[in-house]
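Taking it in order: structure first as structure tokens, then the write-up.
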Amino acid sequence: EAERFAQFDGYFTHAGDLYAIAMQSNEDLYRIWKRADRDDRDTAGSNKHSRQWQKVGGGKFRTKRYNFSFGCHGKELFIIGGTLTSDRTSSRFKNTVETFDLVACRWNEGADLWPNVPNSCGRMPAISHGEWLHILGRYGWFAAKVETVLSLHVAVVQAKQRVWSKSELPRVPYIWSGSCNVNGQIVVCGGREPPAISPLTRPQPVDAVHVYDGVGRWLPLPSLCVARAWPCILTDGERVICLGGYHYNRTCVSEVEVLQLCNGNMAT
């Protein structure tokens with residue numbers, strides 16, 4: 001890698017390019033990175049092709065936040081909620097929403113602003129689906145159960161009419177899953193069981209994969225080989241790619257798994 005990140009929050013794709021949200025060791029704010037091609041000449045004068053992470057101009061966060069949710073809708077990257085410190089047990093929450101224009105490479109202001117989330121949320125997948133942006137997994141940072149999906153109607157033009165609401169989507173099967181939109185279908189992978197009632201029972205990561213059928217049900221797909229919470233999920237329209245995540249003891253999962261689609265469809 002061209003850069004070693006001190007803090008890494010995840011990947012996302014836009015217009016066929018791979019992006020990352022990460023922080024360097026000498027910085028105290030996250031920034032947006034883009035995976036770019038680079039052609040160099042080696043010592044023998046031969047062409048050498050490589051792919052490296054490059055900073056996106058204007059992509060440094062304007063405010064400090066950690067453990068946030070993020071997702072793309074159209075050309076806009078939504079940065080949602082989070083905490084004011086890197087400690088995941090922090091009760092110092094941030095409920096603001098900021099958006100970055102990936103084409104103009106600037107943070108939106110004024111009429112382009114979006115409403116704050118009505119409750120604490122963070123580290124949950126935010127997925128674009130039609131005219132809506134959905135936050136999947138939990139509504140409320142310390143919720144003791146899987147809650148209703150929180151949604152934002154991003155097609156609304158007037159800023160005063162933009163509001164977060166509880167979605168008509170069914171509750172997702174697990175919390176802290178990864179998610180992606182595969183040719184119009186919402187897929188969730190991995191995650192963790194909801195917090196246990198007994199303090200002696202620690203919730204376990206899961207290997208489950210589900211797809212939303214569009215009529216109120218989450219249908220099972222082939223399970224992951226490795227159970228994991230907080231995985232990063234990407235798609236190129238032909239495959240679902242699951243990267244990283246955490247084991248039961250919060251050590252990092254190194255395995256990358258791929259689910260091959262059938263003609264671009266999620267066949268059960």
Side-chain angles (χ1 to χ4, degrees), residues 7-15 17-24 27-34 55-86 88 90-143 147-169 179-181 186 232:
Q7 297 278 349
F8 177 81
D9 203 78
Y11 296 107
F12 67 94
T13 57
H14 172 72
D17 293 316
L18 179 64
Y19 291 81
I21 299 177
M23 183 192 304
Q24 290 179 288
E27 295 182 326
D28 61 354
L29 293 172
Y30 278 92
R31 69 164 62 245
I32 304 167
W33 301 77
K34 181 179 179 181
K55 297 176 182 178
V56 173
K60 190 173 184 178
F61 280 29
R62 297 185 299 179
T63 59
K64 184 180 293 187
R65 68 174 77 208
Y66 303 87
N67 305 313
F68 47 85
S69 299
F70 69 89
C72 283
H73 181 84
K75 65 176 183 177
E76 291 187 310
L77 171 66
F78 283 73
I79 306 296
I80 305 164
T83 58
L84 295 176
T85 66
S86 59
R88 293 194 185 99
S90 171
S91 60
R92 300 178 61 195
F93 300 116
K94 197 174 183 69
N95 66 346
T96 56
V97 177
E98 295 182 282
T99 58
F100 184 79
D101 189 318
L102 292 165
V103 175
C105 292
R106 63 172 176 82
W107 292 97
N108 293 321
E109 297 179 332
D112 293 326
L113 294 180
W114 295 89
N116 295 347
V117 284
N119 203 339
S120 58
C121 71
R123 286 282 182 172
M124 295 176 284
I127 189 73
S128 173
H129 188 246
E131 296 183 347
W132 294 84
L133 185 74
H134 304 292
I135 299 179
L136 307 178
R138 279 199 308 182
Y139 171 44
W141 187 265
F142 292 111
E147 296 287 352
T148 304
V149 176
L150 194 62
S151 299
L152 177 66
H153 194 191
V154 289
V156 175
V157 177
Q158 297 295 328
K160 293 182 179 180
Q161 298 177 4
R162 298 170 176 171
V163 295
W164 289 94
S165 61
K166 289 190 175 181
S167 173
E168 295 181 356
L169 284 177
S179 180
C180 65
N181 184 329
I186 300 177
C232 179

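Since this is a predicted model, take the numbers as computed values, not measurements.
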For Trp107, all residues meeting ring-ring contact (aromatic ring centres under 6.0 Å, His included), sequence neighbours excluded: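 Partners of Trp107 by the ring-ring contact (aromatic ring centres under 6.0 Å, His included) criterion, ordered by chain and then number, come out as Phe61, Phe100.
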List for me each residue that meets ring-ring contact (aromatic ring centres under 6.0 Å, His included) alongside Phe70, sequence neighbours excluded, and say none if there are none.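 In terms of ring-ring contact (aromatic ring centres under 6.0 Å, His included), with neighbours along the sequence ignored, Phe70 is linked to no residue.
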Applying side chain to side chain contact (heavy atoms under 4.5 Å, CB included) to Glu76 and His14, what does each step give before you reach the verdict? CA-CA 9 Å; Glu76 291 187 310; His14 172 72; over 6 Å; no
Any non-hydrogen side-chain atom of [X] less than 4.5 Å from a side-chain atom of [Y]?
X      : Y      : answer
His129 : His73  : no
Ile21  : Phe12  : yes
Leu102 : Cys72  : yes
Ile32  : Leu77  : yes
Thr85  : Asn67  : no
Leu29  : Thr63  : no
His153 : Glu131 : yes
Ile80  : Asn95  : no

Establish, from distance only, whether the side-chain atoms of Thr99 and Asn108 form a donor-acceptor pair under 3.5 Å.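 Short answer, yes.
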List the atom of Leu136, the atom of Met124, and the distance in Å for their closest heavy-atom pair.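 Heavy atoms of Leu136 and Met124 come nearest at O-CB, 3.2 Å.
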Considering all heavy atoms of both residues, which atom of Leu133 and which atom of Trp164 are nearest to each other, and what is their separation?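 In terms of heavy atoms, the two residues are closest at O-CZ3, 4.1 Å.
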Would you sort out whether Ile135 and Ser151 count as a side chain to side chain contact (heavy atoms under 4.5 Å, CB included), showing the intermediate values? CA-CA 6 Å; Ile135 299 179; Ser151 299; over 6 Å; no
Please determine whether side chain to side chain donor-acceptor pair (under 3.5 Å) holds for the pair Ser128 and Asn181, giving the CA-CA distance in whole Å, both sets of side-chain angles, and the decisive distance to 0.1 Å. CA-CA 7 Å; Ser128 173; Asn181 184 329; 5.4 Å; no
Could you go through the side chain to side chain contact (heavy atoms under 4.5 Å, CB included) check for Glu27 and Lys60 one step at a time? CA-CA 10 Å; Glu27 295 182 326; Lys60 190 173 184 178; 4.1 Å; yes
Sidechain N-carboxylate O distance under 4.0 Å for Arg62, Glu109: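 Judged by the 4.0 Å cut-off on N to carboxylate O distance, Arg62 and Glu109 do form a salt bridge.
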Verify the ring-centre separation between Trp33 and Tyr19: is it less than 6.0 angstrom?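 They do not qualify: ring centres at least 6.0 Å apart.
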Reported [atom1]-to-[atom2] distance for the pair [X] and [Y], which is rounded to 0.5 angstrom:
X      : Y      : atom1 : atom2 : answer
Lys34  : Asp17  : NZ    : CG    : 4.0 Å
Lys55  : Cys105 : NZ    : SG    : 14.5 Å
Phe78  : Phe68  : CZ    : CZ    : 15.0 Å
Asn116 : Lys94  : CG    : NZ    : 9.5 Å

Assess whether side chain to side chain contact (heavy atoms under 4.5 Å, CB included) is satisfied between Trp114 and Leu152, documenting all intermediate values. CA-CA 9 Å; Trp114 295 89; Leu152 177 66; 3.5 Å; yes
Hey, is the main chain of [Y] close enough, under 3.5 Å, to the side chain of [X] for a donor-acceptor pair?
X      : Y      : result
Thr13  : Leu18  : no
Arg162 : Leu113 : yes
Arg65  : Thr96  : yes

